[in-house]
Structures are given as structure tokens and as C-alpha cells.
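Side chains are part of it too, since the values below use all heavy atoms of this structure and drop only hydrogens, waters and symmetry mates.
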Amino acid sequence: MADASIPDDSFALRAQQWYDDNQIILKQGCEVNAINPEDKTVTFADGEQMGWDRLVLATGATPRALSISG
């Protein structure tokens, strides 16, 4: 679940216009319930379903402090 205090666009690798120009739909902060590779569809937790030509599923990460000096 996305942290509401951090704007979604703060993690974008490119400006929104680049995604628009390249016909890429960038969905952030959403939960995926199912991916159907045969039909090329994704079903989100809210019931929305979306088709895709190419799919990138980036699950994110949480930084952690290492227990080393320096």
C-alpha cells in the first residue's frame, strides 16, 4: 500500500509527458489481485481490469540500514 504522505510522482523515472508520448499507462500505489497471461489482462483489488501488450510489474522495495560502520 502506498504511503499517502509521499506524492506518487516522486518515484517516477521520467516525466508524465514521456509516458503519455509513448502510450504507457503508469499505475502506482495499487494492488494487483490477478494476472492472466493468456488473455493479457490484469485485475486490480478494486475490481478494475486492464489489458496489456507488455507488462512490467515493479513491486518496490524498502530500504534497510546495514549493521556496518561507515
statement: Tightest non-hydrogen contact, residues F44 and C30, listed as CE2-SG, 3.6 Å
message: When you group the ILVMFWY residues by side-chain heavy-atom contacts below 4.5 Å and let the links chain together, are V56 and V32 in the same group?
response: no
field: Atom pair CG/OG1 of L55 and T41 - distance to nearest 0.5 Å
entry: 10.0 Å
- prompt: When rounded to the nearest 0.5 angstrom, what is the spacing between CG in N22 and CZ in R14?
  reply: 8.0 Å
- request: Would you confirm whether D46, through its side chain, and E48, through its main-chain N or O, come within 3.5 Å as a donor-acceptor pair?
  value: yes
message: Test of understanding: clusters of I, L, V, M, F, W, Y form through side-chain heavy atoms closer than 4.5 Å, transitively. Do L57 and Y19 belong to the same one?
response: no
- prompt: Can you hop from I35 to M50 via hydrophobic side chains spaced under 4.5 Å?
  reply: yes
query: Same cluster or not: are W52 and I24 linked, directly or through other Ile, Leu, Val, Met, Phe, Trp or Tyr residues, by side-chain heavy atoms under 4.5 angstrom apart?
result: no
- request: Please say whether more than 12 non-hydrogen atoms of neighbouring residues, nucleotides or ligands are located less than 6.0 Å from CG in L66.
  value: yes
